[in-house]
Protein chains: 2
Amino acid sequence: MQVTKNRNPNMNQNMRMTRQRRVILEELKKLDSHPNAEEIYEAVRESLPRISLGTVYRNLEVLSELGKIQKLEMGGTQKRFDWDTRKHYHIRCINCDRVDNAPLGFMKNVEQALYGATDFTITDHRLEFLGLCPLCMEKAIERDSLGKTAGKVA
Amino acid sequence: MQVTKNRNPNMNQNMRMTRQRRVILEELKKLDSHPNAEEIYEAVRESLPRISLGTVYRNLEVLSELGKIQKLEMGGTQKRFDWDTRKHYHIRCINCDRVDNAPLGFMKNVEQALYGATDFTITDHRLEFLGLCPLCMEKAIERDSLGKTAGKVA
DNA sequence: GTACATGCAAAGTCTTTGCCGCCGG
DNA sequence: CCGGCGGCAAAGACTTTGCATGTAC
């Protein structure tokens with residue numbers, strides 16, 4: 001069961017900005033995409049070849065708990081990370097899993113629609129669009145024109 | 001990478017409704033919640049003690065590919081399943097992970113807001129509300145009144 | 001020194017898969 | 001027979017964690 005983990009209530013707000021953490025943060029901003037831990041690991045390894053994947057996971061967790069980055073729990077199985085901590089929505093390619101920001105303003109009022117209609121205390125919401133990215137769309141068209149119609153796009 | 005899996009384009013639309021599949025379907029409807037595979041497994045085991053978890057996973061996959069049930073990819077790590085195949089939204093308790101339907105009609109038009117603003121071909125969207133279920137809310141209040149303020153609600 | 005970080009490997013969680021025997025048409 | 005199906009265990013993908021060592025104040 002994955003609960004919002006706030007295990008360490010006394011976590012130091014001024015945690016040490018170690019070299020590893022700084023590089024992770026830099027790479028995340030540089031990538032300007034929505035990478036998963038593995039991708040960040042690969043990027044960081046170029047400047048810190050001896051960093052471990054465990055450290056990357058640990059620090060992504062720390063950084064997101066302190067609000068320096070945002071952890072995205074998308075529909076898929078992997079968590080992704082976003083340097084942009086503002087609330088916003090995403091689009092995910094159902095074929096290649098690429099994630100972009102959705103060009104749609106954050107809907108501040110949707111949650112109000114549930115007031116009185118549910119006994120949950122709503123605190124947040126998450127909206128994710130699904131579709132095909134331009135590249136996969138193109139491949140899908142090519143493929144369809146060849147008469148093949150099902151399964152993952154090549 | 002989890003892509004919408006449609007691996008078997010020739011899957012028989014009239015798959016055999018075996019005893020295992022029937023019981024899985026029945027239990028899912030009976031539960032009327034949004035159980036994960038493990039919970040379904042436990043429920044099904046009462047009538048079919050020798051069923052395996054692998055079979056449950058396989059059949060949930062088959063049933064959802066044939067549109068008999070809906071596979072939910074919520075924010076968390078586990079997939080959940082819903083007997084109601086109509087498009088609708090959910091609320092998830094951030095403390096105990098309970099999932100309810102959200103009392104909000106499906107927004108047929110949100111996707112249109114992206115037309116022209118993205119080069120993705122949007123095909124779907126998913127909206128999930130987060131909050132505390134009544135039980136966890138109550139516990140949180142009790143706990144807060146004792147002066148403890150952080151971490152997972154007991 | 002002390003407290004927190006890191007590297008490494010092991011373990012954990014959830015899900016998928018290979019194999020083989022079984023069952024129904 | 002044949003093809004799909006189920007049980008079982010092993011493997012896979014992703015993430016967390018225990019432990020000894022390092023490092024910064």
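Residue numbering restarts at 1 for every chain, and letters A, B, ... go by the order of the sequence lines.
Take the nearest nucleotide of DNA chain D for B:Gly54 and for B:Arg21: the residue whose nucleotide is more 5' is B:Arg21.
Checking D:dC8, D:dC5, D:dT16 against every side-chain atom of A:Lys79, the shortest atom distance belongs to D:dT16. Each of D:dG7, C:dC8, D:dT16 was ranked by its minimum atom distance to the side chain of A:Arg50; first place goes to C:dC8. The A:Tyr57 side chain lies nearest to D:dT15 when the options are C:dA5, D:dT15, D:dG7. Distance from the side chain of B:Thr18 is smallest for D:dG6 among the nucleotides D:dG7, D:dT15, D:dG6. Ranking D:dG7, D:dT15, C:dA5 by closeness to the A:Met15 side chain, first place goes to C:dA5.
Across all strands shown, A:Glu38 has no heavy atoms under 4.0 Å from either base or sugar-phosphate atoms. Note on A:Arg58: a base of the nucleic acid sits closer than 4.0 angstrom, heavy atoms only. Counting any heavy atom pair closer than 4.0 Å across all strands shown, B:Asn59 reaches sugar-phosphate atoms only and no base atom.
Nucleotide D:dG22 holds its P atom 18 Å from the CD1 atom of A:Ile51, rounded to whole Å. In this structure, CD of A:Glu39 is placed 10 Å from P of D:dC14, rounded to the nearest angstrom. Protein atom CD of B:Gln78 is 12 Å distant from nucleotide atom P of C:dT16, rounded to whole Å. For B:Gln20 and D:dG4, the CD to P distance is 17 Å, given to the nearest whole Å. Taking atom CD of residue A:Glu65 and atom P of nucleotide C:dA5, one finds them 12 Å apart after rounding to whole Å. Atom C1' of nucleotide D:dT16 and atom CG of A:Leu53 are separated by 11 Å, given to the nearest angstrom. In this structure, B:Arg45 places its CZ atom 10 Å from P of D:dC8, rounding to the nearest Å. Going from atom CG of A:Leu48 over to atom C1' of C:dC8 covers 16 Å, rounded to whole Å.
For D:dG6, neither phosphate oxygen OP1 nor OP2 lies less than 4.0 angstrom from any side-chain nitrogen or oxygen of B:Arg19. Here B:Thr55 reaches the OP1 or OP2 of D:dG7: one of its side-chain N or O atoms lies under 4.0 Å away.
Counting only heavy atoms from C-beta outward, the side chains of B:Lys79 and B:Asn36 never approach each other to under 4.5 Å.
Residues A:Asp100 and A:His34 bring no donor and acceptor atom of their side chains to less than 3.5 Å of each other.
A salt bridge is absent between B:Glu73 and B:Arg80; no separation between the charged side-chain nitrogens and carboxylate oxygens falls under 4.0 Å.
Put simply, CG on A:Leu28 and CD on A:Gln70 are 10.5 Å apart, with the number rounded to the nearest 0.5 Å. To the nearest 0.5 Å, atom CD of residue B:Glu111 and atom CD1 of residue B:Ile122 are 7.0 Å apart.
One N or O donor and one acceptor, one from the side chain of A:Arg16 and one from the base of C:dC4, sit under 3.5 Å apart.
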